[in-house]
Structure formats: C-alpha cells, structure tokens
Amino acid sequence: MADDPTASRALPVLPAQIDLPATEHQVLRRWSEQKVFERSLEQSRANPNWVFYEGPPTANGQPGVHHVEARVFKDLFPRFKTMRGYHVDRKAGWDCHGLPVEVAVEKELGLSGKKDIEEFGVAEFNARCREAVLRNVDAFTAMTQRMGYWVNMDEAYRTMDPEYVESVWWALKTIWDKGLLVRDFRISPYCPRCGTTLSDHELAQGYETVVDPSVYVRFPVTSGPLADPERPTSLLVWTTTPWTLVSNTAVAVHPDVTYVVATDGTERVLVAEPLVGKALGEGWEPTGERFEGGEMERWTYQRPFELVEFDAPAHFVVLADYVTVEDGTGLVHQAPAFGADDMAVCRAYGLPLVNPVRGDGTFEPGLDLVGGQFFKTADAALVADLDGRGLLMRNQPYEHSYPHCWRCHTPLLYYAVPSWYIKTTAIKDELLAQNARTNWFPGNVKEGRYGEWLRNNIDWALSRSRYWGTPLPVWTCAEEHHTVVGSLAELGGLAGRDLSALDPHRPYVDDVAFPCPQCGAEARRVPEVIDVWFDSGAMPFAQWGAPHRNKEAFEANFPGQYICEAIDQTRGWFYSMMAVSTLVFGHSSYENVVCLGHILAEDGRKMSKHLGNILEPMEVMERHGADALRWFMAASGSPWTPRRVGHEALEEIVRKVLLTYYNTVSFFTLYAGTNGTWDHSRLADAPAPEDRPLLDRWLLSELNRVVKGVGEALDRFDTAGAGRLLTAFVDDLSNWYVRRSRRRFWAGAQTPEGASAFATLFEALESLTLVMAPLVPFITDHVWAALRRPDAPESVHLASWPRVREDLIDTDLSEQMALTRRLVDLGRAARVDSGVRTRQPLSRVLVGAAGFDRLPEQLRAQIAEELNVQQLDPLSAVGGDLVDYTVKPNFRALGKRFAKRTPLVAQAIGAAPAQALVEQVRSTGWAHVEVEGEQVEVSAEELLVTEQPREGWTVAAEAGETVALDLEITPELQRAGLARELIRLVQDARKSSGLEISDRIDLWWSAEDPVTAQALTEHAATIAGEVLARTFTEGAPEGEAHTVRSAEFGVAIRLRKSAEQEG
RNA sequence: GGGCGUAUAGCUCAGUCGGUUAGAGCGCAUCCCUGAUAAGGAUGAGGCCCCAGGUUCAAGUCCUGGUACGCCCA
C-alpha cells in the first residue's frame, strides 16, 4: 500500500477470532519482506548510540526456554530505546571454545581423556570441536527469529574466528606489558595415572568411599612461650594424608580459636579447646595454659620428616580463617603443593612450595624412606617411621569420601600444576571503583552477590591444559624468557615468514617456533589454552577484531550501555566483561546490567532432560505464540526471582492481556466499518480532548498516565512494573471504557457523541499499541497495520514512542472514576443480594460515600445506567433518623498527628456517639472527642464514616462507602423491565437467525399476557430502536419469518430482514 | 562451610512511605450480564503473610536470629 499522506484510508475490519501463532508467522514474513529490522537501524543511524552487547551463548546443545528469557530482555530494551530516539546496533555472537565442547566431542568419538585425544590427533579433534559448536547454531537461529529477537545474525562474531583470537592475544599482550600476566602454580585435582588434571565436573563424577589412615602427630614446639626443653610441648596435628607430611611447610591455626595445653601426666600437647575431648579422649586434663590462635603466629616447631630440602625459612605456625574445630585438633598441617587452601595461606607468608612427588605420582627416587614409591603406598612406611621416633600419638582407620579418577579409579592428587594467572588482585580497588559506577538491576546484586565476589577477589587462573580454546600466546625458550605475541602479523615477524593465514588454534600454532628475542635460542609456545571466560569478556573489542581491525566501530560502541544475562553470570560473563576491560582499558565495558532469575519448570524444579520436565521453546511458541512467552518473561512475577513457567500461565496471558487488547481493537474496526465508515480524516473533526465527555477525558488521562509510567518503568528496566500498568489499562479500556461507551459506537462515527468516542478510542489504541510494541512486537504490529494513520510508518517498530500529554492527566478525575466504579461494584453486590436482576429497572439508589457530593453529573449517570436505576441520591438526603452511622478512626491520618496518643484518640472516637460526631463534622469540618479528660479536635479526614439506611433497603457497604437499593417495583418499572427482557429476546433471535449487526428488520408480535402486551405497546419505539426494527406490528406477517416464543412472558415474536436497509 | 536471594489463599503472584478489614488471577461453588470478546461481572468458601525474638502508638512491610528452598562459590 502506497504511503500517500493525503489519502484517507478505510480501516480493515479485524475479525473477532484470531490465531495468534499463525498471525505471528504472517508478521515475521512481513518483517522479512519489508526488511523492517534493517530499516529501523537505517532510519536511526544519525541518532545517538545506545550500545547493547550480546553475551554469546555456547551453541553446544539445543536452545531451551531459559535462553528465551534473556533474549526477551535483549530484544525488548533495544526496541524501546530505538523508539525513544537512539540507534541500537545488535550484533549476535557465539561462544565457541571450551571444555563442554571438548567433552561432548570426546563422548561422540568414544575418547576418554587427554591421552586418547592426543593419540586421535589434536588437529582432527579440534576440527570436530569446530564442527560440533556450529551444529546447533541453526536451532538457535530459528528460535531467535521465531521469538522476534532482532539481532544481526549474518555478521555474528565467533570467538573461534582468527580475527577474534588475535584481539584476545592483543589484550593478553597488553596485560603482560602491564606485568599482570604471570606464571605460578595452581592446585588442581590430578590423576597421576592419566597424567592429567581434571575439571570440577569430572571431579564430581569420581568420589569413592575409602578407608585411609588418620594420624595424630606430635610437632614439638621450638620457640615461643611453650618452648621449654624441661617441659616439652607438641602441637598435635591430624591428617588423613600422611604422605603430605614429607613436605610439611607450616601449621595453620584459626586466629580466634582458643588453644589449650593438655597433659596425661607424662606429656604435653596443644589442641583447640573445643576438641580436647574428641581428639585426646580419656585421661587428659587441661593444664590451664591457654592461647588465642592469634598469639601463636610464627611459633616454630620441629618438622616431622627431614627428607626434603627447604630453601627458605619454614615450619612455623600461620593463621588461617578456614581452619575449623569440627574435626581433628584445630591445628592443620600445611603442604602447599597439595592443597589450594594450604597454598593460599603459605603464599601469604612467603613460604616456599616444595613438591617431592613427580607427575606419575611417585616420590623422587633419591629420597630416603619413600623414594620411588607411589604417594599413597608411602603412607605405611611413613606412619611406621613416625611411630618409631615416638611422634605418632594415634593412628586410626578413617572412612571418608575421596576423589578418584572417573576413568581409571586411581586416587587423585591435589597437585601444584604450573599455571598462568592474571593478577586481578592488583586491580581489585579499580574493579570495586568500576562496580560503584555500574547500575545493577536488581540493585542488591551490586553490593551483594557481585560486590562480595569482587571483595573476595583472587587472581584469575587463566590457563587450561586443553586443546579447543584460544591458545595462550606465550612463547618460551629454554632459558624461560617469555615472549607474548599480540597478533599473527607479529608472530610472522618473529618467525620470519607470512603467517597471516595461519589457523591460530592448536596444533598449527604450536608448530610455529622462532629465535628468542632475548637469547636467540628456540622459543616454542607454552602448551596451554585460555579460560573461555576471557574470550567472551573480550567481546566489546574482539567482536570487531579491534584494535587490529574496525577500530572506529569499536570506539563508537564502547563502553556499552546495556548487558543482560541470568544471575549465574555474576561470576562468569559479568565479571569477565568488567575485568578484561578494566585490565586493558582501565575501566569497565558496561554501564547498566540486568540480572535475571532462573526459569524453572512448572513443578518448581530445574528443567532437565533427566526429569522430563522440559518445555521446548519452539513448541511453546507454536501453541501460545511468542508474544505470550515474551510477556511471561518480561512481566509475570519478578524477573529477578526464579519463576515457574507452564502452559496455564501462558494461556492466562493470552486471555487476559493479548486477546482482551486484540478484541478491543477488533471492536473498534468493526464499528469503524459500520454505520457510516470512520477513517482517520475524522480525527481532525473530533472535539478537542477538553471538550469531550468525562468518560473520554478519563480514558485519555489514564492513557497518558500509562504511557508516562511505562516509559519511566522501562527506563529503570522494570518490565514487571510496565506490565502491571499495561494489564490494568487494557482491563480498564475493555471492561469499563468500551463497555460504557458501546451505545456511542452503535450510534456511529458521524454522530456528535460517536465522533468523540471514535477519536478517543483510536487515540488510546494507537498509543497503547506503541507502548506495548517492545514487549509484544507481533500482535502490536499486526494491529498497527490495521489501525495506522495513512502517514504513519508501515510498522509500529519504525514509529516513535508517543509523547506524553501531561495536560490531559487529571488525577481528580481518576479518583472520581475510581469512586464511580467502586459504587457500581457495591450496587451490583446489592443487586445480587436482593435477587433482582439488573435488567429490572429500579427507581432509586442511595449512596453514602466521601466525595459523592462532588461527583460530576456525567459520572452519576454512569452509575445509574450501569445499575439500571432511575435516580441517584445521597444517603444524607434521606434524613438523619433513617440512617445509621458508624465512625471508625483513620489510623493513617491520626498517627501522623497524635503518634503515641493514637490508640487513645482512636478509642475515644470509637466510644463517642457516631451520629453526633458525623453532625459536627458535616457542619464544621471538625469533631470533638474527649481523651484523658481533654478535648481533642479531629478532622473529617481522620474519620471513616459509614452510613447505613435503617430498613427497607438492600445494602452493600465496604470501607466506609454504602450503596442502598430501593427494591419497590411499581407496575411502570415492571413494564420497563419487561421491555428490556423483550429486547434481549429479539437480539437473541437476530443473532440465531444469522443477521448482521447492522441489518434492519421488520417485526411482528403477538402477546397472550396483557402486561406484556401493554409493555410492548408502551415501549414500542424504544424496543424498535434497540433492535433496528423498521416496522413494529402487532399480529403475524405474511410469508416466512423467524419466530421466537417465550412462555415466561407469554409472547411470540416474528422477524425477518427488512427489504429497505437504510435509515 | 561462605555469599546472595526467595518464602503471602489449593496454584501463580501483587502488596508503594510501616497505618489496624492483606489483594488479583487461575481453580471450585452459586448467580448475573452480553449487538466486540476465546470474554466480562457479582457473591461465597479458602490466610499461623515460614518460625522466634526485637523496634514502634502501630509490623506482611523495619531489625536480629533460625528453618526451608534456589543460585553462585568453597
């Protein structure tokens, strides 16, 4: 359809029924045919950038609904910001490297462990990994498109691409140049038979219950207050790994635990006070000598074995917070080569790392006692030796669960493996400062989970002894001179040949050697690859291949304004993004970060194949529609907390939100095409908003409040708040505005009352569609295509956020309409109580409510119409003696003024005669009550007055508001009620005989019941008007006619489509 | 073991600045309305606001401790 701004355009009529998933497919086709995403980027190109970074998923498996969650938020805010006048580029990405990929390929190939992989061939293995990681990209792409996530997949970055790897190398070189990339030891679970470290996930698979010796060993104290040769005292140390005693380096105590000397009369040992009984048993008494752990720091002791050399001072007491008094003696033997805690503690004291165990698990051959023995086998000789020298106090078998290799069941070693670290502890303060500048949603993550993590920051263990990853770009010669390489060009320069086409992965990069720039000896690459989190943390520049390529694009898009992932990424991507950029550029790469809770299955458990409770996203979207799923993710419950998703929740969204909205639109288009068509040109002739009926002004007021509120909520990433506003407005619109305005729409757009209603509803639907568009882009665009003005953009996603008309927001009117609706509710409740159906008109209703006297006539008329009563009066008009009052204290108001005396004043109000209080307040605005012998004035606002008529009325009351119905039905009222019944009878007949809404009919009636006959005669004009009858005749027609009979009303009615249809 | 979060009706969830009668939807029951609706409305049953202390005139709401569950880390 051509965009001729001067053309008026008849609106298509949207059918009442809609197949949402099918409609979404139409919309998707239109987006693709009309290149709507591309155009939205194109037309905003001159606008300021709002930079979004896509956290790359590993496409190593099928996408699940949890992927939809983050992707909804990744789509919603870019759409919103685009409508708000920003340019939001959206570059997709894939995380390609890493152990999960390797593990999956190992499984596929039937390989088990690094030896197998190397025999299979690293080149082929990595080729399989590359292929495996792309295998599910299609499934991700299909899901991404189906859910309406607009992101540029064609130019997606991939962490395995050479340009990406080169950017990562550049970053590592930059960090190396700052002196923050260092080689050190890392304690890892290690299988000596397989000669490999194990990942945490492998570790978890291999725990076995074993019986080990557990020994209590004496370490005689050699300095400090207990170092008395006359009265020797020993530290009593407990361990289940006697073989580590060979390299004992220190003994750790907890600084805040009390340690006591105990004796059995012959010797003295030091243990933690709470463990005296458990560790020593019967016959031991404390001597009364007590020390805080903190006092014992640096006391020296005689180490248990003198088998290995120490090149630095060692063997003294150190302090460590991780020491517990649950087991053992509260004094913990430290062997830093065999425990991560031990290493951290010993490091802090500058202690050396001594490791006599070789990679195959045997002690170095030259050692006395244990030389050449397998580490666990050596336990026996070591324990016997301790016993022989009188150092062993106790040896008892100890059953516990110990990690074993999941492949070969060899007991694992925690083992110091050479490893590369980034000294993030050196930039900890800078990271904390960057975090202080970052906006977290929800806010508590900033100082809570994430802030805690930063405050406990440890150095980043960067290297992995694996195959499929970004190779660590460090080349080393025999002299251990390290050369860090920042690009393939640089590598080519060093190697003296063109390497620009080199695959920078293993094994190819491993084949490149060059003369060490420092000594000229051959330098070869270290074998390690790097942690995949560094890959993805480098995406702000690496996605562009910067700084080697696209430097301008990178700089124009750095730092980012917005990232969003689930909560598990606090230690993952959220950290690596902040850390990498802070290391390289000195500041973080993002300003706002949205942190989502996890999606759970309907049973409240994690979705897993194993439990069979998986919801497959494509199936869900084909059943309920992507919009329903998107709405759920954005607006159901709180996105920050874990949520359960299931079909019921989605069905409810479809019914309550999407269909209610859609049906309102359908209603509008139906009447816009009926009774003289409506088109956009009529908007110009409609009365100005301030001249429209109160109902219209109320809707426009609510609309502008919602437009404003939704914009503000989305500005603070509060999708749930936006959703609540929208749900409430859709309900108001459909179930109050349209309901109360139906007659004006029936009347048609060309009537004065219709003109205002059509314009108001159009304006509301137009703005509503715009503000709902980021959340539910499909149905809104479908609606937009039907409703849009001739000069409006083709797609709602090419349109701008609506301007808020503050001048139309009328809070008084909102309150008055709220009162109106509460009174209608009360009236309906009273109707139900009375058993008199709403179709039966009543003569009078009495209302007692604060603010009723100021309620405009138009709103009173709404109440009267809705309740089908002829007259509405204030209860006070009935006269004091017919009405009972109850007066309750309004604590909220009283509390402000009376504070501690509030309960006394409240009590006084309750005790005072209600009628007198009400009379005082009504005449003077104040009432007096007596509190502790003192006169106290209370205002009208401080009292909640409830009025009740005494008798003869049906009453409903709540929170101080009362509605009373006069149930007397006069013969006139009865006939008016009958007329309503007959109208409904005819309408049913029209519907069942298949007439169109606007068809005119001829009608004949015959009544046996004289009252019915009188009603038909008396109300003939009204009935005929309501049912569009051109003729209204007593008797029977000639020829065919549709007939209905009612025994209840004693009437037969015949009708048929009139020959003349107009007028 | 540590950090963080969550706990409100049978279910899914709201509950603002602390205000005394804690709400909505779903489901159930009984009605009503219907010339847009796959709808809508009313009424009813259904609550140890996880537990125990504390602050306060007043606590679902704030504080402390605990329990259960979840996530992350050891």
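Numbered from 1 within each chain, the chains take letters A, B, ... in sequence-line order.
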Of the listed nucleotides [options], the one nearest the side chain of [X]:
X: T664(A); options: rG70(B), rA36(B), rA38(B); answer: rA36(B)
X: F667(A); options: rU34(B), rA36(B), rA38(B); answer: rA36(B)
X: L670(A); options: rA36(B), rC72(B), rA39(B); answer: rA36(B)

Between [M] and [N] - [atom1] atom distance, rounded Å:
N: rG60(B); M: rG2(B); atom1: P; answer: 30 Å
N: rG54(B); M: rG40(B); atom1: P; answer: 47 Å
N: rC28(B); M: rA36(B); atom1: C1'; answer: 29 Å
N: rU64(B); M: rU30(B); atom1: C1'; answer: 49 Å
N: rA14(B); M: rA9(B); atom1: P; answer: 12 Å
N: rG27(B); M: rC50(B); atom1: P; answer: 26 Å
N: rU8(B); M: rC71(B); atom1: C1'; answer: 22 Å
N: rC48(B); M: rA59(B); atom1: C1'; answer: 15 Å

Ignoring backbone atoms, test whether [X] places a side-chain nitrogen or oxygen under 4.0 Å from the OP1 or OP2 oxygen of [N].
X: R655(A); N: rA39(B); value: yes
X: Y671(A); N: rA36(B); value: yes
X: K656(A); N: rG40(B); value: yes
X: R984(A); N: rU34(B); value: yes

Of all residues at least two apart in sequence or in a different chain, which pass the side chain to side chain contact (heavy atoms under 4.5 Å, CB included) check with [X]?
X: F891(A); value: P889(A), T902(A), A906(A)
X: A908(A); value: V929(A), V931(A)
X: D732(A); value: W698(A), E702(A), R821(A)
X: D256(A); value: H254(A)

Would you kindly give the [atom1]-to-[atom2] distance between [X] and [N], to the nearest whole Å?
X: W736(A); N: rC33(B); atom1: CH2; atom2: C1'; answer: 14 Å
X: N457(A); N: rC73(B); atom1: CG; atom2: C1'; answer: 13 Å
X: Y661(A); N: rU37(B); atom1: OH; atom2: P; answer: 19 Å
X: L733(A); N: rU37(B); atom1: CG; atom2: P; answer: 16 Å
X: L650(A); N: rA38(B); atom1: CG; atom2: C1'; answer: 16 Å
X: H254(A); N: rG2(B); atom1: NE2; atom2: C1'; answer: 12 Å
X: F574(A); N: rC71(B); atom1: CZ; atom2: P; answer: 17 Å
X: R742(A); N: rU34(B); atom1: CZ; atom2: P; answer: 9 Å

Considering every strand and a 4.0 Å limit on heavy-atom distances, what is the contact class for [X]: base, sugar-phosphate, or nothing?
X: V738(A); answer: base
X: S734(A); answer: base
X: Q17(A); answer: base

Is there a donor-acceptor pair under 3.5 Å between the side chain of [X] and the backbone N or O of [Y]?
X: S734(A); Y: T664(A); value: no
X: K428(A); Y: L454(A); value: no
X: S188(A); Y: Y414(A); value: no

Pick out the pairs of N or O atoms, protein on one side and nucleotides 15-20 of chain B on the other, that lie under 3.5 Å.
unit_1, atom_1, unit_2, atom_2, d
rG19(B), O2', R892(A), N, 3.4

>> Tell me every residue that passes salt bridge (charged side-chain N to carboxylate O under 4.0 Å, His left out) with D731(A), counting only those two or more places apart in sequence or in another chain.
In response: none

>> With nearest nucleotide decided by heavy atoms, which residue, F632(A) or N663(A), maps closer to the 5′ end of RNA chain B?
In response: F632(A)

> Start at the 5' end of RNA chain B and walk down; is the nucleotide closest to D19(A) or to R571(A) reached first?
Replying inline: D19(A)

>> Tell me whether L432(A) at atom CG has more than 12 heavy atoms from other residues, nucleotides or ligands lying less than 6.0 Å away.
In response: yes

>> Restricting to side chain to side chain donor-acceptor pair (under 3.5 Å), what partner residues turn up for W736(A), sequence neighbours left out?
In response: none

> Which residues pass the side chain to side chain donor-acceptor pair (under 3.5 Å) test with S741(A), sequence neighbours left out?
Replying inline: R744(A)

> Can you list the stems that include RNA chain B, where a stem is three or more consecutive Watson-Crick or G-U pairs with distances under 3.5 Å?
Replying inline: B:1-7 with B:67-73, B:10-13 with B:23-26, B:28-32 with B:40-44, B:50-54 with B:62-66

>> Going by ring-ring contact (aromatic ring centres under 6.0 Å, His included), F574(A) matches just one of F441(A), Y450(A), W440(A). Which one?
In response: W440(A)

